2 protein chains.
Amino acid sequence: MGATKTELFTEQQNELASMAKALAHPARIAILQYLVKKNACVCGDIVDELGLAQATTSQHLKELKNAGIIQGTIDGPSVCYCIDPKVWLKYKELFNSFFKNVTIDNNCC
Amino acid sequence: MGATKTELFTEQQNELASMAKALAHPARIAILQYLVKKNACVCGDIVDELGLAQATTSQHLKELKNAGIIQGTIDGPSVCYCIDPKVWLKYKELFNSFFKNVTIDNNCC
DNA sequence: TTATTAAATCGCAATATTGCGATATATTAA
DNA sequence: TTAATATATCGCAATATTGCGATTTAATAA
């Protein structure tokens with residue numbers, strides 16, 4: 001007990017949930033918004049930007065990398081992070097189609 | 001330590017993260033998809049639908065209710081759940097505007 | 001009233017997440 | 001080589017989530 005029972009759900013449901021999980025922390029939202037705002041690779045000032053400890057920031061960056069939504073490229077002594085536009089688009093489309101089909105005439109109890 | 005440092009982030013970032021958290025479990029995705037598919041209030045068969053224990057299902061329903069995205073109305077001995085279309089729309093719009101501004105010509109390192 | 005049914009809550013155990021200091025790793029500069 | 005800089009990883013503590021059996025709560029049925 002304690003671990004999610006992924007075998008009960010469809011692959012699509014698990015994928016959407018895991019994408020949501022990647023976004024489920026304000027630090028990760030902030031990192032993504034920062035990268036989008038810069039619209040370029042960002043080398044090395046994300047720690048200062050966030051206000052969390054370096055180790056914690058690195059942890060969040062790792063989660064975003066695992067989710068595929070950002071890429072980290074080694075550039076000399078530092079690492080450059082940027083949005084992966086292809087994965088970003090996939091997120092966008094999956095969330096979009098998830099939220100699409102609700103009509104407002106939902107006559108509730 | 002261990003708790004999210006919400007005070008470091010904007011209200012908008014915390015809100016989006018908390019919305020993502022509500023979606024960050026396949027059981028909750030499954031519940032929402034089920035309610036959307038039925039396009040009506042669903043009284044009492046969500047536990048059978050999911051495959052999780054009654055207590056666990058109730059817990060997930062509670063989280064979705066706390067997030068505001070579903071409503072539960074008492075109907076005799078059972079409870080009827082349905083999407084709150086207004087909150088659903090809000091989710092849709094916030095995620096939409098979050099994912100909007102990424103151009104593909106993101107020339108990465 | 002008593003039994004039945006449906007859902008919520010309690011209490012617990014297992015696991016996951018968040019955060020950080022300390023340390024390790026890797027690259028550049030001197 | 002040695003020092004400096006940037007990032008990753010380790011190890012730990014605190015907190016949160018997931019899941020479930022057992023119990024409680026609330027409404028209907030008999």
Side-chain angles (χ1 to χ4, degrees), chain A residues 1-9 13-14 17-32 34-35 41-67 70-82 109, chain B residues 1-9 13-14 17-32 34-35 41-67 70-82 109:
Chain A
M1 324 114 190
T4 297
K5 291 199 161 180
T6 53
E7 73 276 9
L8 289 178
F9 308 102
Q13 287 165 341
N14 285 315
S18 119
M19 282 166 44
K21 208 173 208 173
L23 305 178
H25 194 288
R28 295 195 288 275
I29 295 288
I31 290 170
L32 292 173
Y34 185 60
L35 292 177
C41 288
V42 168
C43 306
D45 55 351
I46 294 179
V47 172
D48 306 323
E49 194 64 22
L50 272 195
L52 289 166
Q54 184 267 323
T56 309
T57 305
S58 185
Q59 169 76 20
H60 284 302
L61 286 165
K62 189 185 179 183
E63 279 177 64
L64 290 172
K65 253 196 299 187
N66 288 343
I70 67 171
Q71 289 175 330
T73 316
I74 295 171
D75 174 43
S78 68
V79 176
C80 296
Y81 287 104
C82 59
C109 319
Chain B
M1 323 111 189
T4 297
K5 290 199 161 180
T6 53
E7 73 276 10
L8 289 178
F9 307 101
Q13 287 165 342
N14 284 315
S18 119
M19 282 166 43
K21 209 174 208 172
L23 305 179
H25 194 288
R28 295 195 288 274
I29 295 287
I31 291 170
L32 292 173
Y34 185 60
L35 292 177
C41 287
V42 169
C43 307
D45 56 350
I46 294 180
V47 172
D48 306 323
E49 194 63 22
L50 272 195
L52 289 166
Q54 184 267 323
T56 309
T57 305
S58 186
Q59 169 78 19
H60 285 301
L61 286 166
K62 188 184 179 183
E63 280 176 64
L64 290 172
K65 254 197 298 186
N66 288 342
I70 67 171
Q71 290 174 329
T73 317
I74 295 170
D75 173 44
S78 68
V79 176
C80 296
Y81 288 103
C82 60
C109 320

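Numbers restart at 1 for each chain; the letters A, B, ... are given by sequence-line order, proteins then strands. Everything numeric here is computed off the predicted structure, so don't read it as measured data.
For A:Ser58, the listed nucleotide lying nearest its side chain is D:dA8; candidates were D:dA16, C:dA7, D:dA8. Of the candidate nucleotides D:dC20, D:dT18, C:dT18, D:dC20 has the atom nearest to the side chain of B:Ala55. Checking D:dT28, C:dG19, D:dG19 against every side-chain atom of B:Lys5, the shortest atom distance belongs to C:dG19.
Heavy-atom minimum distance, B:Gly72 versus B:Lys65: N-CD, 4.0 Å. Residue B:Arg28 comes nearest to B:Lys21 through the heavy atom pair NH2-O, 3.1 Å, listed as atom of the first residue, atom of the second, then distance.
Counting any heavy atom pair closer than 4.0 Å across all strands shown, A:Thr4 reaches sugar-phosphate atoms only and no base atom. When heavy atoms are screened at a 4.0 angstrom cut-off, A:Gln54 is found touching base atoms of the nucleic acid.
Between B:Thr56 and A:Ser78, the residue anchored nearer the 5' end of DNA chain D, judged by the nucleotide with its closest heavy atom, is A:Ser78. Along DNA chain C, the nucleotide nearest A:Ala53 and the nucleotide nearest A:Ile74 are compared for position; the residue whose nucleotide lies closer to the 5' end is A:Ala53. The residue among A:Asp45 and B:Lys21 whose nearest nucleotide of DNA chain D is located toward the 5' end is A:Asp45.
At the phosphate of D:dA8, OP1 or OP2 sits under 4.0 Å from a side-chain N or O atom of A:Tyr81. Using a 4.0 Å cut-off, no side-chain N or O of B:His60 falls inside it from OP1 or OP2 of D:dT17.
A 4.5 Å side-chain heavy-atom check between A:Leu52 and A:Gln59 finds every atom pair outside the cut-off.
A donor and an acceptor atom never sit less than 3.5 Å apart when one is taken from the side chain of A:Gln59 and the other from the base of D:dA8.
A:Cys80-A:Cys43 SG separation is under 2.5 Å; the pair is scored as a disulfide.
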